[in-house]
There are 4 protein chains.
Amino acid sequence: MAGSSFGNIYRITTFGESHGKALGCIIDGCPAGLSLDEADIQKFLDRRKPGTSEITTQRKESDTCKIYSGVFEGKTTGAPIMVMVENTDQRSHDYLEIASYYRPGHADFTFDEKYGFRDYRGGGRSSGRETIGRVIGGAVAMKLLDNMGIRVYAYTKSIGDVFADCATSDIDLRLQTKTAMPDISSDEKALRLIEKARKSEDSLGGIIECVAENVPAGLGDPVFEKLDGNLSKAVMSIGAVKAVEIGDGIMVSSCKGSENNDEFVAENGVKTKATNHSGGILGGISDGSKIILRAHIKPTPSVSKTQHTVNKDNENIEISIKGRHDPVIVPRAVVVVECMTAMTLLDALLLNMSARADRVMDFYRKI
Amino acid sequence: MAGSSFGNIYRITTFGESHGKALGCIIDGCPAGLSLDEADIQKFLDRRKPGTSEITTQRKESDTCKIYSGVFEGKTTGAPIMVMVENTDQRSHDYLEIASYYRPGHADFTFDEKYGFRDYRGGGRSSGRETIGRVIGGAVAMKLLDNMGIRVYAYTKSIGDVFADCATSDIDLRLQTKTAMPDISSDEKALRLIEKARKSEDSLGGIIECVAENVPAGLGDPVFEKLDGNLSKAVMSIGAVKAVEIGDGIMVSSCKGSENNDEFVAENGVKTKATNHSGGILGGISDGSKIILRAHIKPTPSVSKTQHTVNKDNENIEISIKGRHDPVIVPRAVVVVECMTAMTLLDALLLNMSARADRVMDFYRKI
Amino acid sequence: MAGSSFGNIYRITTFGESHGKALGCIIDGCPAGLSLDEADIQKFLDRRKPGTSEITTQRKESDTCKIYSGVFEGKTTGAPIMVMVENTDQRSHDYLEIASYYRPGHADFTFDEKYGFRDYRGGGRSSGRETIGRVIGGAVAMKLLDNMGIRVYAYTKSIGDVFADCATSDIDLRLQTKTAMPDISSDEKALRLIEKARKSEDSLGGIIECVAENVPAGLGDPVFEKLDGNLSKAVMSIGAVKAVEIGDGIMVSSCKGSENNDEFVAENGVKTKATNHSGGILGGISDGSKIILRAHIKPTPSVSKTQHTVNKDNENIEISIKGRHDPVIVPRAVVVVECMTAMTLLDALLLNMSARADRVMDFYRKI
Amino acid sequence: MAGSSFGNIYRITTFGESHGKALGCIIDGCPAGLSLDEADIQKFLDRRKPGTSEITTQRKESDTCKIYSGVFEGKTTGAPIMVMVENTDQRSHDYLEIASYYRPGHADFTFDEKYGFRDYRGGGRSSGRETIGRVIGGAVAMKLLDNMGIRVYAYTKSIGDVFADCATSDIDLRLQTKTAMPDISSDEKALRLIEKARKSEDSLGGIIECVAENVPAGLGDPVFEKLDGNLSKAVMSIGAVKAVEIGDGIMVSSCKGSENNDEFVAENGVKTKATNHSGGILGGISDGSKIILRAHIKPTPSVSKTQHTVNKDNENIEISIKGRHDPVIVPRAVVVVECMTAMTLLDALLLNMSARADRVMDFYRKI
């Protein structure tokens, strides 16, 4: 209820603020016997950590994680897995000024309204650093999915008006480019656009696309727990996301049934879909084809350009936000989208085990 | 877990299939002492019922609801409220044929994969009739919100490429037009487009927009239970929705921070936002301005045009779907979007009562 | 949250009041493909229905159930199963008097305090008729457990100071005696005791014991979701239960470790326990031996003997409760304890399917 | 779902094993603005820490806690509060031997059955050290309850056959005696009994009673979320508890309605109950009088007396458990019962805020 947990069977509960002592996550319900060590998690955290290129905040954090529980002799035990990253480069005094006013596009105002006051240091709980807990949870989910042959990957589809060519690319290129685009030439174009935005004291947004391959048919429930409903919540709960699309997404509202339907075809006794407008989900349940979703990310609200706003004394003031900010948050959010998708799929996969009476009986007959 | 419940404090659990005996809903957690009778619910059900115009299915259902529990002497008692609508115009034999094959764009295939077989009569649980339970739950939520001065309304923003002029219109016009557009001239254009689609044996999609006015600031939680995250799930869980936008939605990915930020202004000691690109939500929490969201609805998958598909014996076949179908589902889905939004807001509103220790203490001091 | 749901994967949500139109239950999360018809449920409802002997209330209700959804061609479909029993013998005018005062031992006072008013007809939602929903949910759970060879049965262990001889008895005798004791001679003694209580305008309590055989080891979680914790809640949530024991129960507080420990023994390569003081649960997890619990039921609070109480105007008054009441509720509560136990076990059994990574992978490899 | 979380609105999620790096707890949903520092928590942890007297294990742990998140400038912020205690005196090599066999009365066997293997060091997750997380969560709940004038306290009622005189005693004596009995002379008797048990290489159990004073009427829900149901689960989920009683508890099954009913009386316009057999709960809802419950604790299963058991190779063996164990766990479990009760009450108190429509409207009118 209280808002820091995600998932049902595979459930994470996260904690931590931008300038507190630490951030982290308890993973509860991870099946026992999965090989796991810190390196499995660190490689995902490294993709979101700050300071890795000129287009990210210059805050210096190694974001090194440590497992505190739930793993014994290199394997998950079924007990809750607590993983923590300590903050090391807090500069809280940088934030004393913003304590007194409300930054446009930030959660300063709504936190004050809800809780009566706020931890103003770097955004506190509403900081992008909150996603460390999500990445930890996603990394562990990914390990199990990977063992099952399920592959989940996201990449930057666009920044501003620069769109990557995703169709023909080697998807692993996204791990090498600064923008997380899987396409070198678009990456370069986007970097120039970002540089231009930064010079004009402004910021940019973009689109992240995520694909899941080899997902078994049958995941998700028909009504409120539709797989696409849960994916939407998972992705929309990432700060800065303002729209989520599944499959053809916003295109569907302007096309015809005959164009949007995916016909089924049988070849050698195997059913497939001739197209995949649905993005791998029909009636809220995975259909066995690729799951595809897109998140639209707003431009970073912290811009150094002068803005008007209001302070706590209800005076109209002018501000210019300095400090260490990302001119575009998209590249670092890619792994977060990937992780939220992975956890949603894993949870649906575990829930689905009890869908059929014959399989339940079969399961217990064998153990 | 099991997928037929929605909400935390204010929670509905729905039941029923297209051609079963009945459909309905248990509302649990509705605060006691709210005046309620069947007419409060019926007026919402009437907006989604079939057969009201030439652009809806010709199935004849009065969709008359009856309250079975939870109301005593005209008021909710705090006990669960069960409301049911009996099916009267089932023609299950119409569906014998589709039992043998998989309709493109429908959930036939995924239900068989998940459950091993399916109730094929009119889509069973995956039918649009499932939304009767949602409308019942939403109607009751709306009654309480209305008492608090909170107004929630949705309308058709587009059908195919016809967009309504929503800005200048009298929003109650949406209750009079067949398309649920709040604009007579667009309504007429859209009706012609629908007629054309039907003649070409095809179907259309569209966009529904929903607005909530006078929502208190502070609803929603900062991380996984963000108000926009929950709204996304609420709306994406309606069959046929493939994308959800909050505020400026998909536009944010291509604009700049200086354009997308909403500046705060103080006038006579009251803080407001000069613009509302955020759609009334900042950091996952309502900011006191209008909440705005949009749902993109796919064209009805049932088209009479010939389609290729596969039957249970894995043979490639050609089909033409006859029967009683809506050429566009958008007009009847408007009230469903409204209801899902209302329930999400009410649940967040009830949860938010415990956000501050001083208010909790104050509450109990007074009772 | 809202209090009318029970269970996680296999979850019921109940509705209805003593003198409302109907009572019933939605079962969500029941695995698909289970054979089910009304008779499967009716046989359990018949064990709790009123008017079957001189020691139950004389209210005449056939408690006939009807399935409204979730079953197609004789099998559960995976969709929610709604089952309802209509009330037929309401005599609400009998209750006008009690609307004005607070019956000792009843929930009249606490309902008024919580909700501001109450449905006073026969106790409304706090009536024992509320258990109809529990029995429906339990009957369906029992069908699946039965298919898996798991046997759950409860019986009356004592009424007042009359204890049944349960050890040597044919357990099915409990279905034939009016007291639900599995022992004819104790049944007779207890009937005489009940008759005596009734004549002295008083009522009696008793103990119900429940046993589950052939439960696989491994059900339940180690900390908050211990199997015994969940069984306690399940049983304590039945009105009139004031204590719950697992295995040796209250005896353990006065015995020694060497007496209370169950030694393990191996015979022909099979591990068993030499004794079963633990009642089949160790560390919150089933150990493969018989699960045993006991519920202590308070005497019916409705007695015709004169009692002092207070009315709504805060006046001290004397009352004598007439009307149709059970002099002892124990015999009719036996099936309710059985049903709550069955649902708790089934839910734990479904949850346990995801406990091990290798079994999860194995499950999906095969489908 | 996954078993390490407790509560709905006020929810804790715990982690950690006996011989892992650390144990702790995330508290989510704590209302913002509550004064809190480590000392508030430490005073509760000190009551359960080991090594404080000759009747507890000699493991040396200071159990010093540290707050990692959720508190800013001395107040809770509404964000999750992570509190951790590091282990310092692990002697895991002591446990290598028990890795190979199943200790009677312990969870060794059931963990292996459920998860396929186990962290055998000191019981791993099934160790009594798991309760550190419960005490952290309870201490914070207690701070808020205390601010509201609600007082929750538990004490040892019996050890073996020595019963404390609780009625006439100064309840704070329980904080001074080694047994946590509120009665010096019984404490001395019990200490002699424990010494005798230890010398005979055996262990003892006992009863803990918990009282909550000044709890508002109206907490708890009528059906599955009864306050007594939730208290039962809360307390039964503590390792070693085998029975839970509310109010008169097991006594009710053998008494008459006229004896067990609590008559209401009005004095100066205030309703009270003449007696409190119900233990402060009627129909699952608090009635404003003292809430009273009892937990029956089994004797510590680790005894040095020779026991028979089975090893992993299915051989019958004899064992004698050495190492650092409590001859009776009751005194250290007292604070755990108190904490579980406090959290259950706080959660019910927060949930109850939305019970009445008029109060909801009133709440929002004022903010």
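The chains referred to below are lettered A, B, ... by the order of the sequence lines, with proteins before strands, and numbering in each begins at 1.
Between chain B and the options A:S258, A:G247, A:G105, A:G269, heavy-atom pairs under 4.5 Å are most frequent for A:S258. Across B:T110, B:L219, B:D228, B:V265, the residue that shares the most heavy-atom pairs under 4.5 angstrom with chain A is B:T110. Highest contact tally toward chain A, considering only B:H308, B:R125, B:R359, is held by B:H308 [criterion: heavy-atom pairs under 4.5 Å]. By number of non-hydrogen pairs under 4.5 angstrom with chain B, the leading residue of A:E259, A:R356, A:M251, A:R294 is A:R356. Comparing B:S200, B:C255, B:A240 by heavy-atom pairs within less than 4.5 Å of chain A, the highest count is held by B:C255. Interface check for chain A: of the options B:S126, B:S237, B:A234, B:G116, the most heavy-atom pairs under 4.5 Å are formed by B:S237. When each of B:G249, B:S254, B:A274, B:G279 is checked for heavy-atom pairs under 4.5 Å with chain A, B:G249 comes out on top. The choice from A:E315, A:Q307, A:K305 that makes the most heavy-atom pairs within less than 4.5 Å of chain B is A:Q307. Listed options B:G133, B:G283, B:G229 were ranked by heavy-atom pairs under 4.5 angstrom with chain A; first place goes to B:G229. The most heavy-atom pairs under 4.5 Å with chain B, out of A:R134, A:H277, A:K273, A:E245, come from A:R134. Counting heavy-atom pairs closer than 4.5 Å to chain B, the top-ranked of the candidates A:G123, A:S158, A:G220 is A:G220. Interface check for chain B: of the options A:S286, A:A107, A:A243, the most heavy-atom pairs under 4.5 Å are formed by A:A243.
Only the backbone of B:R103 comes within less than 4.5 Å of a heavy atom in chain A; its side chain stays farther off. Interface remark: B:K298 contributes backbone and side-chain atoms alike to the contact with chain A (heavy atom separation under 4.5 Å). Both the backbone and the side chain of B:I250 come within less than 4.5 Å of a heavy atom of chain A. Residue contact with chain A, scored on non-hydrogen atoms closer than 4.5 Å, is absent for B:A197. With a threshold of 4.5 angstrom between heavy atoms, B:T131 does not approach chain A through any atom at all. Looking at B:D202, only its side chain comes within 4.5 Å of chain A, counting heavy atoms on both sides. There is no contact between A:D108 and chain B, counting heavy-atom distances below 4.5 Å. Neither the backbone nor the side chain of B:L231 comes within less than 4.5 Å of any heavy atom in chain A. Interface remark: A:S354 contributes no atoms to any contact with chain B (heavy atom separation under 4.5 Å). Neither the backbone nor the side chain of A:D358 comes within contact range of chain B, judged by heavy atoms closer than 4.5 Å. Interface remark: B:S5 contributes backbone atoms only to the contact with chain A (heavy atom separation under 4.5 Å). Looking at A:I238, only its backbone comes within 4.5 Å of chain B, counting heavy atoms on both sides. Only the side chain of B:E130 comes within less than 4.5 Å of a heavy atom in chain A; its backbone stays farther off. Only the side chain of A:K226 comes within contact range of chain B, with heavy atoms under 4.5 Å apart.
Looking at B:P301 and A:N261, their side chains come closer than 4.5 Å, going by heavy atoms from C-beta outward. At a threshold of 4.5 Å between non-hydrogen side-chain atoms, the residues B:V244 and A:V244 do not count as touching. Looking at heavy atoms from C-beta onward, A:V223 lies out of side-chain contact with B:F6 at the 4.5 angstrom threshold. The closest side-chain heavy-atom distance from B:F224 to A:M340 is below 4.5 Å. By the 4.5 Å heavy-atom criterion applied to side chains, B:D287 and A:E113 are not counted as neighbours. Between A:H106 and B:L282 the shortest side-chain heavy-atom distance does not fall below 4.5 Å. The closest side-chain heavy-atom distance from A:K114 to B:N352 is below 4.5 Å. Residues A:M236 and B:I246 meet the side-chain proximity criterion, which asks for heavy atoms closer than 4.5 Å.
Checked against salt bridge (charged side-chain N to carboxylate O under 4.0 Å, His left out), B:K242 has no partners two or more places apart in sequence or in another chain. Residues passing the side-chain contact (heavy atoms from CB on, under 4.5 Å) test with A:S203, sequence neighbours excluded: A:P299, A:T300, A:V303.
Distance check: A:K256 NZ to B:E201 CD gives 12.5 Å after rounding to the nearest 0.5 Å. A distance of 11.5 Å separates CG of B:N260 from CG of A:L204, quoted to the nearest 0.5 Å. Here the NE2 atom belonging to B:H296 is positioned 12.5 Å from the CG atom belonging to A:D248, to the nearest 0.5 angstrom. Distance OG/B:S253 to CG/A:D161: 10.5 Å, rounded to 0.5 Å.
Within 6.0 Å of the NZ atom in A:K312, the count of heavy atoms belonging to other residues, nucleotides or ligands exceeds 12. In B:K271, the NZ atom is crowded: over 12 heavy atoms of neighbouring residues, nucleotides or ligands sit closer than 6.0 Å.
The two atoms that bring A:F264 and B:Y102 nearest to each other are CD1-O, 3.7 Å, heavy atoms only.
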